[in-house]
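Reminder, nothing fancy here: chain letters follow the sequence lines and each chain counts from 1.
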There are 2 protein chains.
Amino acid sequence: MKQPAKRASQTQKKSRVAKARSRHPLPAATRRERVQSKEDAIIVAAHKSLTARGFTKTTMSEIARKAGVAEGTLYLYFNNKNALARAVLAAFYTRLTDTAKIGVAKCATTTEKLEFLARHHLESIIGERRLLELIASDVRNTEAYEGSDIYKMNREYVAVFDDVLRDGVWRGEIEDGAVQWIKRDIFFGSLEYSMRTLLMKKRSSKKDITAVVTELVKLLMGRADTRTEPVSNRDLIKAVERVDAAASRLERLSEAKT
Amino acid sequence: MKQPAKRASQTQKKSRVAKARSRHPLPAATRRERVQSKEDAIIVAAHKSLTARGFTKTTMSEIARKAGVAEGTLYLYFNNKNALARAVLAAFYTRLTDTAKIGVAKCATTTEKLEFLARHHLESIIGERRLLELIASDVRNTEAYEGSDIYKMNREYVAVFDDVLRDGVWRGEIEDGAVQWIKRDIFFGSLEYSMRTLLMKKRSSKKDITAVVTELVKLLMGRADTRTEPVSNRDLIKAVERVDAAASRLERLSEAKT
DNA sequence: TTTAACGACTGAGTGATATTCATCATATAT
DNA sequence: ATATATGATGAATATCACTCAGTCGTTAAA
């Protein structure tokens, strides 16, 4: 409710200044940039603590110490501990979405895209598993999650998957089965649950991740790779649908030209 | 490590009680019963608060008030807030496993069993969604989750699913594909993630639950039903007609251009 | 019966932690 | 140079999990 607290909702802006400003803010750029870099420092410090020790075990004084500010200062930038955690989460989602988009763009087929997304998601959440706590326990349940910043960022992130899936259906590589959101839930739900299993196995190797990823994608794709098996009616229809879809693509391409 | 706190493990230990009862029939029994009913009251009160307000927002004094005991008394029965939450979770798992076993026994085919298990799980966790917080955030992460009571109860619960799946493979109703634990993760992960989606939809109907359940089971079963259908001549002709039509579209398109 | 021991329970007290607020410090504007 | 707004501080407050010295009633020993 205070004036400076409103700044807390801002996101990226990378101008990183020297961090030796813990005591006497002598040199530096504009006032605005100084404030921004302090906010960044707080988020970085909070991120470190949260991923290392989890939400409940992380104390505000610990974050303040790491960030080189007083405890009260934290509350100039974020209304409370939850808001600070949400800011950390927002930064995480931004990174996640960016790398996902870049990776997908490099893939050719739908299978490759899905496998990339699955592996990317799984490895990311294994690395920052503690942040998932926040989503599950504090953030998603409290108040109106829908409409919040985190909700929007989550939508943007899963939209990457949605686009790949829709495109796959459009190109005939995936059969047009269930509603989109069900497949999305299966995708992300499986990965987040698998994370727990992998973390508990004594030696969770690269191989395990690959196994999960390929199996999941195989299921979602409808097992298009069953070559040696005899032709079923369903296979036949699927094949024709792909020809159909290809023709439609050409049609639309041609229409767009004229 | 106090004397009365050891009771907190509240599993069966009836033999000792029986002996004591045979020696001193009336007084020992009543005292024991009084203690037991008080423990039950505490667990019930904790369950109410936890499911209503979640772990962090539930206070020990609130539980004590609901249970009709002093705050300190809670610590005679459970070492700390986490242990109390675990006891609540243990009771939940017991109910869940029991009803799952009973329901599966009534089903004939593997598909029916899986669909029952999926619906049962989904409806249960929607009803007691706050308890999942405990599993994800506090219980599973702290200390040695593996080897704990909750871990064992979880194993016993998912074993119901494992048995159904193994049986399905054995009977040839499911193809022998990936490792068992991957399919298990896909099953429970999808359902728990779907729960969140369903809870957020304005009107999450019975229909949505059914859609999730059938789609998930369909994926896991590998569509063994449609795969075995032979191709009929009529199917083939219809398919070729579609390819023909697609070709015609392209022809017309090409003519229109020139 | 008297009395000592015991088991069950209590609630004021303790320490830790999130959050507030009166106060101070610096930079920019006048 | 002075004033004002902006930013920062940390002691004080409130809340909560958890402790412990002590109460009360029952049982067993005297």
When the distance from [atom1] of [X] to [atom2] of [N] is rounded to whole Å, what number comes out?
X: A:Tyr77; N: C:dT19; atom1: OH; atom2: P; value: 18 Å
X: B:Arg65; N: C:dT10; atom1: CZ; atom2: P; value: 15 Å
X: A:Leu76; N: C:dT20; atom1: CG; atom2: C1'; value: 11 Å
X: A:Leu74; N: D:dG7; atom1: CG; atom2: C1'; value: 14 Å

For this session: Using a strict 4.0 Å threshold on nitrogen-to-oxygen distance, state whether A:Arg86 and A:Asp149 make a salt bridge.
Result: no
Show me the donor-acceptor pairs within less than 3.5 Å that the side chains of residues 99-106 of chain A make with the rest of the protein, sequence neighbours left out.
from	atom 1	to	atom 2	distance (Å)
A:Thr99	OG1	A:Arg95	O	2.9
A:Thr99	OG1	A:Leu96	O	3.1
A:Thr99	OG1	A:His120	NE2	2.8

Residues in side chain to side chain donor-acceptor pair (under 3.5 Å) contact with [X], at least two apart in sequence or another chain:
X: A:Asn80; answer: none
X: B:Asp98; answer: none
X: B:Ser124; answer: none
X: A:Thr51; answer: none

Exercise. Which residue pairs pass the salt bridge (Lys or Arg N to Asp or Glu O under 4.0 Å) test when at least one of the two sits in residues 63-72 of chain B, sequence neighbours left out?
Worked result: B:Glu62-B:Lys66
Sub-3.5 Å pairs of nitrogen or oxygen atoms, protein against nucleotides 14-17 of chain D:
from	atom 1	to	atom 2	distance (Å)
D:dA17	OP1	B:Thr58	O	3.2
D:dA17	OP1	B:Lys81	NZ	2.9
D:dA17	OP2	B:Met60	N	2.9

Exercise. Residues two or more places apart in sequence or in another chain: which of them pass salt bridge (charged side-chain N to carboxylate O under 4.0 Å, His left out) with A:Arg155?
Worked result: none
For this session: Looking only at side-chain atoms of B:Thr73, point me to the closest of D:dA8, D:dG10, C:dC9.
Result: C:dC9
Exercise. At how many degrees, to 10°, do the end axes of the helix from C:dT1-D:dA30 to C:dT30-D:dA1 meet when each uses five pairs?
Worked result: 30°
